[in-house]
Amino acid sequence: MSFPLLTATAAVPAVGAVVTAAVPAARRDAAKWLALVFSLATLALAAAQLVRFDPDGKTFQLTESHAWIADFGVRYELGVDGIGVVLVALTALLVPFVMLAGWHDAEPLETAAGDRRWRPTQGLFALILMVEAMVVISFEATDVFLFYVFFEAMLIPMYFLIGGFGDRTGEPADAGEAAARRSRAAVKFLLYNLVGGLVMLAAVVGLYAVTADQLGSGTFSLQEIVRARAAGDLTFATVTERALFLGFFFAFAVKAPLWPLHTWLPNAMSEATAPVAVLITAVVDKVGTFAMLRFCLQLFPGASKWATPVIIALALVSILYGALLAVAQRDIKRLIAYASISHFGFIILGVFAMTTQGQGGATLYMVNHGISTAALMLVAGFLISRRGSRLIADYGGVQKVAPVLAGTFLVGGLATLSLPGLAPFVSEFLVLVGTFSRYPAAGIVATVGIVLAALYVLVLYQRTMTGPVKEPVRGMPDLRARELVVVTPLIALLLFLGVYPKPVTRILDPAVEHTMSQVHQTDPRPDVRVSTAEGAK
């Protein structure tokens, strides 16, 4: 029996969460180092997945399958395609940086009365590891029910990370108001995603009923359902397929998030600490867009094509709406949150463009957005922790007193606006080209988002980093060693993948081609018109 690498990659952070939570309260530093070791062990296992994965091999590799709830056709079934293995690696890569960036986020706080309020460090780092475990297994699950369990379960640790370990900027003067804001943001996050999950649960039950009726025994296995559909043993009535597709897509659109189901994200990201905000948008939200590719398109290809025009319209609204609201923001973290809504619009646009270039760009965008948003948000968190304010107007002249901080902030911002030479440019360009080849009008409208991105990023940098040095900024220290350890690898990845994305696209492209074949789509042929005279020549 081969080593269960996929199970181990999810189990290590889960075990780490339990062990970290069990560390005595007096050993706060030991708990942090222990959690970091478990996250690095997870990264090593994710790297082993990449090494063992063969881009030219079978679609799903490193598979594991065991009976779980046999009476209902539920199996513990795991497998990774090129998209899944890359997103597992992204998750495992970002979590250690999230931990290092939030190394002091659970330090005791002095209250107005002079006493010290403690937030358990063990709890913070254990919750981060638990989220990592659930996200990893979501990327690996090929049983629909197994995926659903962890898709929903990850909401619980995220709820406590937002509400219990949220942003303490401005405390202790307005501690009560800040706590109320964190609580509202956490509840809104939970309710939105729970509603999406309940709708999906109804669709999951409906999928089981259809397979039980036509195959003799119900199943949740993605691979078995796809094989049965290809062989003609399983067919969906048009209305049934569309209803099931909408149930799945609604849940994923909430998680993604897609307009108009996005409103939980700005509140959650602004009230969470910067590292937890990275965990939300660079890791957890990727499960939504990933699941659109893995489940919506492969299980319901006919309904996916039927819904494509509406989804493309919603994606365009997300792109423009998110960018316009980012331009108008006065809060740094809310600006980055609305920018992420715009970027997720690009990802969803690429997925439903139904072209190889569009979907290839969308999958690459998931990776590049995770890295660029992590870089920008974490540097923004370092900036906010020094000044004690999230308001853009409270800054000015930072580049004169903290040039390294300002420089890394600029690189993160330029990556966010997809500057050529940085990683997001390649993926955004592919999304636009792939969209334009099938939907020219949508491709043209989406380019407006690029112009708006340049506006909100450059205005943000100008107002915070340039101009006269404001008095509260004058003594601001530059990035420290721990912070450089966090930021430098992310910047290096943005530069490397901006110049040479082939190591990632080499793994992603076969999975994209498989998805295109499942929805029976081919790339549109170029419309080349040759005049009669030219043809005669």
Side-chain angles (χ1 to χ4, degrees), residues 9 42-43 46-47 49-51 53 55 80-98 132 135-136 138-140 255-256 278-294 336 339-340 342-351 356-378 411-412 414-434 487 489-513 515:
T9 309
T42 306
L43 178 58
Q49 286 191 27
L50 282 174
V51 170
F53 187 85
V80 286
D81 59 2
I83 303 168
V85 76
V86 168
L87 292 178
V88 168
L90 174 68
T91 301
L93 174 69
L94 291 180
V95 167
F97 295 133
V98 165
E132 180 180 24
V135 170
V136 165
S138 296
F139 289 139
E140 297 174 344
K255 184 84 77 179
V278 169
L279 203 62
I280 294 170
T281 191
V283 176
V284 172
D285 288 354
K286 296 298 185 298
V287 178
T289 49
F290 163 80
M292 291 178 189
L293 280 162
R294 172 163 285 187
I336 299 173
S340 290
S342 182
H343 296 149
F344 275 105
F346 276 107
I347 294 172
I348 296 170
L349 179 67
V351 169
T356 303
Q357 287 176 318
Q359 290 190 359
T363 53
L364 183 60
Y365 212 149
M366 292 184 210
V367 178
N368 292 337
H369 173 262
I371 299 169
S372 62
T373 299
L376 181 60
M377 178 60 85
L378 293 178
V411 175
L414 293 176
T416 297
L417 64 81
S418 298
L419 183 77
L422 295 174
F425 169 76
V426 181
S427 44
E428 195 165 284
F429 178 79
L430 288 172
V431 167
L432 292 172
V433 170
V487 175
L490 297 175
I491 299 297
L493 277 173
L494 290 174
L495 293 169
F496 175 76
L497 294 178
V499 176
Y500 190 63
K502 186 177 179 180
V504 179
T505 58
R506 175 75 178 86
I507 300 173
L508 293 173
D509 286 349
V512 169
E513 292 172 3
T515 303

For this session: Output all residues satisfying ring-ring contact (aromatic ring centres under 6.0 Å, His included) with Phe290, sequence neighbours left out; order by chain, then residue number.
Result: Phe139
Problem set entry | Those residues that, when tested against Phe344, pass ring-ring contact (aromatic ring centres under 6.0 Å, His included) (two or more places apart) | His369
Which atom names give the shortest non-hydrogen contact between [X] and [Y], and what distance separates them?
X      : Y      : answer
Pro501 : Val426 : CG-CG1, 4.0 Å
Ala511 : Ile83  : CB-CG1, 3.7 Å
Val80  : Arg294 : CA-NH2, 4.3 Å
Ile348 : Ala256 : CD1-CB, 3.9 Å
Val431 : Gly358 : CG2-O, 3.9 Å
Leu432 : Phe346 : CD2-CE2, 3.9 Å

For this session: Decide yes or no on side-chain contact (heavy atoms from CB on, under 4.5 Å) for Ile507 and Leu50, but give the supporting numbers first.
Result: CA-CA 9 Å; Ile507 300 173; Leu50 282 174; 3.8 Å; yes
For this session: Just jot down the salt bridge (Lys or Arg N to Asp or Glu O under 4.0 Å) partners of Asp285, sequence neighbours excluded, or say none.
Result: none
For the residue pair [X] and [Y], establish whether any side-chain heavy-atom pair is separated by less than 4.5 Å.
X      : Y      : value
Met366 : Leu508 : no
Thr91  : Lys286 : no
Leu490 : Leu94  : yes
Ser372 : Leu494 : yes

Spacing of [atom1] belonging to [X] relative to [atom2] belonging to [Y], to within rounding of 0.5 Å:
X      : Y      : atom1 : atom2 : result
Asn368 : Leu422 : CG    : CG    : 10.0 Å
Glu140 : Thr9   : CD    : OG1   : 5.5 Å
His343 : Leu349 : NE2   : CG    : 13.5 Å

Problem set entry | Residue pair Gln359, Thr515: steps toward the side chain to side chain donor-acceptor pair (under 3.5 Å) verdict | CA-CA 9 Å; Gln359 290 190 359; Thr515 303; 4.8 Å; no
Exercise. Taking only residues two or more places apart in sequence or in another chain, which ones pass side-chain hydrogen bond (donor to acceptor under 3.5 Å, both in side chains) with Thr42?
Worked result: none
Exercise. Quick one: side-chain hydrogen bond (donor to acceptor under 3.5 Å, both in side chains) partners of Ser418, sequence neighbours excluded?
Worked result: Glu428
For this session: Report the residues that fulfil side-chain contact (heavy atoms from CB on, under 4.5 Å) with Leu493, sequence neighbours left out, ordered by chain and then residue number.
Result: Leu93, Ile371
Exercise. Where do Thr505 and Leu364 land on the side-chain contact (heavy atoms from CB on, under 4.5 Å) test, with the steps shown first?
Worked result: CA-CA 7 Å; Thr505 58; Leu364 183 60; 4.0 Å; yes
Exercise. Taking the side chain from Thr281 and the backbone from Val278, do they hold a donor-acceptor pair closer than 3.5 Å?
Worked result: no
Exercise. Does the pair Leu414 and Val411 meet the rule for a side-chain contact (heavy atoms from CB on, under 4.5 Å), with working shown?
Worked result: CA-CA 5 Å; Leu414 293 176; Val411 175; 5.6 Å; no
